[in-house]
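Start at 1 and go down the list; that is how both ligands and their atoms are numbered. Because the structure is predicted, anything quoted here is derived from the model rather than measured.
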Amino acid sequence: MVPNTTTVRPAEPHELVPEDYFGVLDLSRYFPREAPLEIDLGCGDGKFTLEMAEHYPERNFLAIERLLGRVRKVCRGAEKRGLENVRVLRLESLYTLEWLLPESCVDRLHLLCPDPWPKAKHHRRRLFQEPFLKSLVRVLKPGGEFLFKTDHPEYFEWSEEHLEAFDGLERLEWPEEEFFYPKTDFQLQWEAEGKSLQRLRSRKPVL
Ligand SMILES: C[S@@+](CC[C@H](N)C(=O)[O-])C[C@H]1O[C@@H](n2cnc3c(N)ncnc32)[C@H](O)[C@@H]1O
């Protein structure tokens, strides 16, 4: 008989480990109270999520990231700051939006400085395309918002074109200082290198 040597990694504090990766997530099991939900997709080291969660204690924040080291860092940051409104999910972004999250559960979804995949042969790996936009509309509440920033002008152009060709979201203005919006680690890094970021805000129409 082959011995069972499988070991399970213990969850970090504030980590959301789904009971079933193939079913729809029951968010009420993981957030202690019902509140507006914001998602930080590809949260990196989590500076944005942690500052937002501290600023808006009346909202819930779900940070999604595939790299374990980053997930751990965000979890420990949330623990250190005593943020009861933060959960961190280690999973692939598109899978989470397409399959794991319930329909119409998200008030705001943030996609900040995603990998731009600059080479033409890698463009198909870019997140910002139709399957992503469809899954975004699936999870956003009517009137829910999508906020996106990139340092990469060509990726921004690509994203605007995909958004324009897509029917399910309407574009909104995003004036500077419209609301509290901390800079991410990557934004600070790009700005230190003299790059500027472009941004886009849109929402799912209220029918
Ligand atoms: C360029 S970094 C930006 C991090 C953060 N948003 C910021 O602005 O500082 C992109 C992040 O997305 C994560 N990521 C990339 N593709 C992903 C995917 N398919 N699913 C989950 N996370 C992903 C990467 O591991 C990385 O931490």
Salt bridge check: are Glu145 and Lys204 linked by an N-O gap of less than 4.0 Å?
-> no
Hey, are Lys73 and Glu65 close enough for a salt bridge, meaning a charged N less than 4.0 Å from a carboxylate O?
-> no
Do Leu91 and Leu100 have side chains that get closer than 4.5 Å, going by heavy atoms?
-> yes
So which protein heavy atom does atom 25 (O) of ligand 1 come closest to, and at what separation?
-> Glu65 OE2, 2.6 Å
min-distance protein heavy atom vs atom 26 (C) of ligand 1 -> Arg70 NH1, 3.0 Å
Mark up the atoms of ligand 1 that fall under 4.0 Å of a heavy atom belonging to [X], in ascending order.
X      : value
Ser93  : 18 (C), 19 (N), 20 (N), 21 (C), 22 (N)
Asp115 : 1 (C), 10 (C), 15 (C), 16 (N)
Asp185 : 9 (O)
Cys43  : 5 (C)

Any N/O of Phe186 closer than 3.5 Å to an N/O of ligand 1?
-> yes
So is there a nitrogen or oxygen of Gln187 less than 3.5 Å from a nitrogen or oxygen in ligand 1?
-> no
Among Gly42, Cys113, Pro114, which one has a heavy atom closest to atom 5 (C) of ligand 1?
-> Gly42
